[in-house]
Amino acid sequence: MKTEKIILGIDPGTTIMGFGLIKVVGKQMEFMQLNELMLKKYDDHYVKLKLIFERTIDLIDAYHPDEIAIEAPFFGKNVQSMLKLGRAQGVAMAAGLSREVPVTEYSPKKIKMAITGNGNASKEQVARMLQSTLKLKSLPKNLDSTDGLAAAVCHFYNSSRVETGKSYSGWASFVKKNPGKVK
C-alpha cells in the first residue's frame, strides 16, 4: 500500500484560479505550495478556459498528484457567472481526467466545514486555520490560493471516510456516473 501521496486542490475561477498542493506521508500532511493563475487581464472567456486547462496540465506534469480535489461551483443568482464557473471547473476536471488522475469535487460549505468546523466560515477564517495547521509563515494577498489549498486539505480529511464528494477516476468513470449527460 502506498504510504505517500500528493493532493492537488483547485479553486476554479475565471478571474483567479487558486491552487495548492499537499503531500501526505502516512497520516500526516505536509505543505508543498500554493499559488494562483491570474486571468483578469484576459477578456476572452475561451482563452481563460484554455489557460486553466494548460496550467492544470502543467501542475499535474510537474508534481504528479495522485488525486485532485476541486471546489464545486456554488449556486448563485447570476446564471452567467455560474455558467462561467462551471466551465472553469469542467476544464480543470478534464485536465485531471485526461492524465487519469482521480478527481473529487467538494462544495464550498463542505470545505469550510472540514477546515474550520463552520460551513459558513469566511475566506479569512479558512486561510488562518490553514496557516495554523500547515505552519505557513505568511498568507497570500489574494485568498483564492488558500481556497485551492483548502480543497486539498478537505480531501485529506475526508479520504478515510467512505462517502466524500463526487469522485471520478477517468472519463469512463465520469460517463458511468453521469448517464445521459455525456453523448
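Treat the numbers as computed from the prediction; the structure is a model and nothing was measured. Residue numbers run from 1 in the order of the sequence given.
In this structure, I10 and E71 have side chains that are not in contact, with every pair of non-hydrogen atoms separated by 4.5 Å or more. The shortest distance between side-chain heavy atoms of L149 and L136 falls below 4.5 Å. In this structure the side chain of V126 never reaches within 4.5 angstrom of the side chain of L143, judged on heavy atoms. Looking at R87 and V91, their side chains never come closer than 4.5 Å, going by heavy atoms from C-beta outward. In this structure, P12 and I70 have side chains that are in contact, with non-hydrogen atoms separated by less than 4.5 Å.
Summarising the geometry, atom CG belonging to L8 is positioned 10.5 Å from atom NE2 belonging to H155; distances are rounded to the nearest 0.5 Å. A distance of 7.0 Å separates NZ in K84 from NZ in K48, rounded to the nearest 0.5 Å. To the nearest 0.5 angstrom, D11 atom CG is 10.5 Å from Q89 atom CD. Here the CD1-CD1 distance, from I7 to I22, works out to 4.0 Å after rounding to the nearest 0.5 Å. Within the model, atoms SG of C154 and CD1 of I111 stand 5.0 Å from one another, a figure rounded to the nearest 0.5 Å. If you take OG on S122 and CD on Q125, they are separated by 3.5 Å, rounding to the nearest 0.5 Å.
Here the closest heavy-atom approach between residue A151 and residue G9 is recorded as CB-CA, 4.2 Å. Taking all atoms of both residues into account, the shortest heavy-atom contact from P65 to L59 is CD-O, 4.2 Å. Across all non-hydrogen atoms, the minimal contact from F156 to K27 is CZ-O, 3.3 Å. Among all heavy-atom pairs drawn from Y106 and A69, the shortest one is CE1-CB, 4.0 Å. Contact record, L85 with G13: CD2-CA, 3.8 Å, taken as the closest heavy-atom pair. Here the shortest heavy-atom pairing between I115 and A150 reads CD1-O, 3.7 Å.
Annotation for Y42: atom OH does not count as buried by contact number, only 12 or fewer foreign heavy atoms lying within 6.0 Å. Within a 6.0 Å sphere centred on CZ of F31, other residues, nucleotides and ligands contribute more than 12 heavy atoms.
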Q) Run the side chain to side chain contact (heavy atoms under 4.5 Å, CB included) check on T15 and D144 step by step: do they pass? A) CA-CA 10 Å; T15 305; D144 298 271; over 6 Å; no
Q: Show your reasoning for whether side chain to side chain contact (heavy atoms under 4.5 Å, CB included) applies to R99 and D61.
A: CA-CA 9 Å; R99 291 289 200 260; D61 291 348; 2.9 Å; yes
Q.
Evaluate M113 against N118 for side chain to side chain contact (heavy atoms under 4.5 Å, CB included), listing each step before the verdict.
A. CA-CA 5 Å; M113 181 62 106; N118 175 2; 5.6 Å; no
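Using modelled atom types, no side-chain atom of T133 and backbone atom of L130 make a donor-acceptor pair closer than 3.5 Å. S98 places a side-chain N or O within 3.5 Å of a backbone atom of A95 that can act as its donor or acceptor partner. Checked by atom type and distance alone, the side chain of D44 pairs as donor or acceptor with a backbone atom of Y46 at under 3.5 Å.
Hydrophobic clustering (side-chain heavy atoms under 4.5 Å, transitive across Ile, Leu, Val, Met, Phe, Trp, Tyr) keeps I16 apart from L51. Hydrophobic clustering (side-chain heavy atoms under 4.5 Å, transitive across Ile, Leu, Val, Met, Phe, Trp, Tyr) keeps L39 apart from L83.
I6 pairs with exactly one of H64, M32, E30 by the side-chain contact (heavy atoms from CB on, under 4.5 Å) rule, that one being M32. Each of D147, T56, N35 was evaluated against M17; a single residue qualifies, T56, per the side-chain contact (heavy atoms from CB on, under 4.5 Å) test.
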